[in-house]
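Down below is the structure, laid out as structure tokens.
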Protein chains: 2
Amino acid sequence: MHWFDLSHTLRYKIRQLAKSKREAYINLHLGYENKNNKASNMHKTQQEAVYNELKDAILRGKFEPGNSVTLRGIAEMLGCSLMPVRESLRRLTAEGALELLANRRIAVPTMSAEKLQEIYYTRTCLESYAAERAMSRIDEQGLRELTEINRLHNEAIANQDVENYIYLNFEFHRKLYSYSDLNVITVMIEGLWLRIAPFMRMISDRFAEQGEITESDDKHIEILEAIHKQNSTRLKHLIQDDILDGVRIQQEMMGWPVSD
Amino acid sequence: MHWFDLSHTLRYKIRQLAKSKREAYINLHLGYENKNNKASNMHKTQQEAVYNELKDAILRGKFEPGNSVTLRGIAEMLGCSLMPVRESLRRLTAEGALELLANRRIAVPTMSAEKLQEIYYTRTCLESYAAERAMSRIDEQGLRELTEINRLHNEAIANQDVENYIYLNFEFHRKLYSYSDLNVITVMIEGLWLRIAPFMRMISDRFAEQGEITESDDKHIEILEAIHKQNSTRLKHLIQDDILDGVRIQQEMMGWPVSD
DNA sequence: AATTTTGATTTGTGATCACAATAATGGTTT
DNA sequence: AAACCATTATTGTGATCACAAATCAAAATT
């Protein structure tokens with residue numbers, strides 16, 4: 001099971017484990033290991049650490065749309081008290097990654113045809129602009145990093161590794177946009193990713209079940225080529241196509257009206 | 001003083017007042033009276049009430065860019081404990097309305113030429129789309145409501161009432177976009193407003209000091225006309241111009257490079 | 001067997017206390 | 001008078017408890 005949701009018995013086991021490390025700063029064991037102790041992993045507050053862990057988990061599709069998320073459940077998994085979780089979930093809810101239901105319970109939002117359309121439109125506007133700005137600012141080092149991320153991305157496809165397939169796709173775009181020097185817009189873009197990631201994971205899983213995850217053509221390579229040639233109009237079209245292709249697959253899978 | 005910031009002695013007075021009503025649900029006295037007891041004012045939780053009050057105050061420009069905001073300060077003003085304030089400020093921070101400084105203090109963000117550009121671009125994309133969608137869905141009742149808001153807006157200009165001048169401008173656009181049926185995008189738009197409102201208020205105040213607040217031509221009337229004629233291309237241009245005009249004034253006032 | 005009711009559990013929210021880190025203050029020294 | 005230091009006050013964060021509302025489960029009723 002990849003869902004960020006543990007059975008009751010398993011949750012109890014983790015609680016026992018967590019109790020022993022209760023005094024430690026924070027011990028986060030969410031089932032995957034990206035414990036590269038970079039400077040970015042230095043968190044001043046627990047809530048920041050919890051937020052980053054949960055954000056990562058969401059972008060990897062570990063949260064199933066419609067599932068409910070509880071403060072104590074997350075707190076037990078992460079071995080911390082309620083407070084850091086409370087503040088993280090409040091933030092994630094404000095960003096649209098989670099949802100407060102009428103019964104004041106917290107849940108992973110479900111997708112609708114209308115919401116998908118809105119997210120698609122906004123992503124197209126913001127991401128094509130961010131890409132264009134990044135193109136004129138990126139250096140050789142950045143292009144090499146993008147190439148490496150894309151290699152790992154293709155590796156994930158070859159291994160039918162859905163989780164990393166989704167995550168590394170985001171990672172490619174995030175790295176690209178990081179060169180845009182657009183602080184406000186990149187935050188908004190990542191907020192949109194948080195909204196669609198659980199849905200994307202669901203679609204990809206269904207796709208993987210009934211066939212194979214495959215990329216018709218390596219869009220990322222074409223993007224890198226356009227950047228290398230400094231062809232901004234082509235780059236914008238490629239970004240728009242990249243987003244549109246993904247949305248079309250999702251719409252077809254759900255039987256929703258297909259864009260354009 | 002219109003700033004959402006009280007002197008120490010005044011804050012003490014309020015604390016005394018608040019103590020007497022400590023047991024009451026919540027008593028919010030932020031200096032202005034919009035106590036229309038509509039259903040929208042029925043809040044299930046205190047943090048929701050606090051959030052709505054603070055959001056309103058921000059959109060009215062009661063927060064000065066650069067000023068720091070403290071949990072206990074707000075809690076005393078609103079006569080509630082720290083918890084509802086903590087959660088509200090966390091949410092507002094996530095939405096970009098407030099900022100966590102490196103010294104883990106909370107402050108009203110200051111504007112920069114770059115941030116203004118980003119916000120301007122995003123507003124143009126999202127608001128013109130929302131307006132276009134609203135045009136095909138609005139009814140006679142909606143047009144009447146917009147006309148009334150615009151009348152109050154012009155009244156505020158005539159009275160040199162900067163606070164309501166800013167707020168009613170937002171109110172006009174919010175009412176218009178409410179007919180777009182775009183849930184995700186309208187939330188993002190209001191998030192952008194929260195980011196610029198304190199800055200807009202600062203600019204408008206300077207404008208009011210050295211001259212008069214005046215509208216060169218009533219853009220809102222033209223917008224209503226375009227909607228009445230169902231001319232979507234003209235409507236989109238009018239929205240874009242409306243946003244651009246405001247940004248240009250701000251850029252000129254700050255001596256920043258002017259858009260387009 | 002289907003529905004209702006009752007009781008126990010789980011949930012988010014609010015309140016309060018403790019604490020480390022930062023800021024502010026006042027006094028001392030150079 | 002200006003720079004330095006020590007003390008005090010304030011700040012956000014974390015932990016814990018209490019509680020009402022919602023949920024679930026099982027028993028009682030029809």
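The structure presented is a predicted model; accordingly, all values stated were derived computationally and were not measured. Basis for what follows: all heavy atoms, side chains included, without hydrogens, waters or symmetry-related copies. In the text below, chain A, chain B and the rest are named by the order of the sequence lines, each starting its count at 1.
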- Is there a side-chain polar atom (N or O) of A/N103 under 4.0 Å from OP1 or OP2 of D/dA21?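 Answer is no, no contact under 4.0 Å.
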
- Message: Can you tell me whether the side chain of A/R86 and the base of C/dG14 have a donor-acceptor pair closer than 3.5 Å?
- Response: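 Present.
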
- Task: Determine the contact category for B/Q47: base if any of its heavy atoms lies under 4.0 Å from a base atom, sugar-phosphate if only primed atoms, P, OP1 or OP2 are that close, otherwise nothing.
- Result: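 Sugar-phosphate, backbone atoms only, no base.
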
- Base, sugar-phosphate, or nothing: which does B/V69 touch, judged by heavy atoms less than 4.0 Å apart?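 Touches sugar-phosphate only.
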
- Candidate pair A/Q46 and A/E87, rule side-chain contact (heavy atoms from CB on, under 4.5 Å), full reasoning: CA-CA 10 Å; A/Q46 290 196 30; A/E87 307 251 32; over 6 Å; no

Provide, to the nearest angstrom, the distance between the [atom1] atom belonging to [X] and the [atom2] atom belonging to [N].
X	N	atom1	atom2	result
B/E48	C/dT13	CD	C1'	12 Å
A/K44	C/dC19	NZ	P	24 Å
B/I106	C/dA23	CD1	C1'	16 Å
A/Y51	D/dT13	OH	P	15 Å
B/R72	C/dT22	CZ	P	16 Å
A/I74	C/dT11	CD1	C1'	14 Å
B/L71	C/dA15	CG	C1'	14 Å
A/M83	C/dA18	CE	P	16 Å

- Item | Salt-bridge criterion met for A/E209 and A/R206 (N-O under 4.0 Å) |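 A/R206 and A/E209: not salt-bridged.
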
- Query: If you measure from the Lys or Arg side-chain nitrogens to the Asp or Glu carboxylate oxygens, is any gap between A/R201 and A/E64 under 4.0 Å?
  - Reply: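 Looking at A/R201 and A/E64, the cut-off is not met.
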
- Message: Under a plain distance cut-off of 3.5 Å, with no hydrogens placed, do A/R91 and A/Q47 share a side-chain donor-acceptor pair?
- Response: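 Note: A/Q47 and A/R91 side chains miss the donor-acceptor criterion.
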
- Message: Can you see whether B/Q250 engages B/Y120 through a side-chain donor-acceptor pair at a distance of less than 3.5 angstrom?
- Response: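 Side chains of B/Q250 and B/Y120: no pair found under 3.5 Å.
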
- Message: Quick check for you: among C/dG12, C/dA23, D/dT23, whose closest atom lies nearest to any side-chain atom of A/T70?
- Response: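 Of all the options, the side chain of A/T70 is nearest to C/dG12.
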
- Note on the structure: Closest to the 5' end of DNA chain D, once A/L82 and A/R104 are matched to their nearest nucleotides, is A/L82

- Query: Distance from A/L100 atom CG to A/T93 atom OG1, nearest 0.5 Å?
  - Reply: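 If I round to the nearest 0.5 Å, the distance is 5.0 Å.
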
- Task: With a 4.0 Å heavy-atom cut-off, tell me which residues in residues 88-102 of chain B come close to DNA chain C, sorted by residue number.
- Result: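 Within this stretch, nothing sits under 4.0 Å of the strand.
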
- Item | Cation over ring face, B/R137 and B/Y179, 6.0 Å, 45° |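 Judged by the rule, B/R137 and B/Y179 form no cation-pi pair.
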
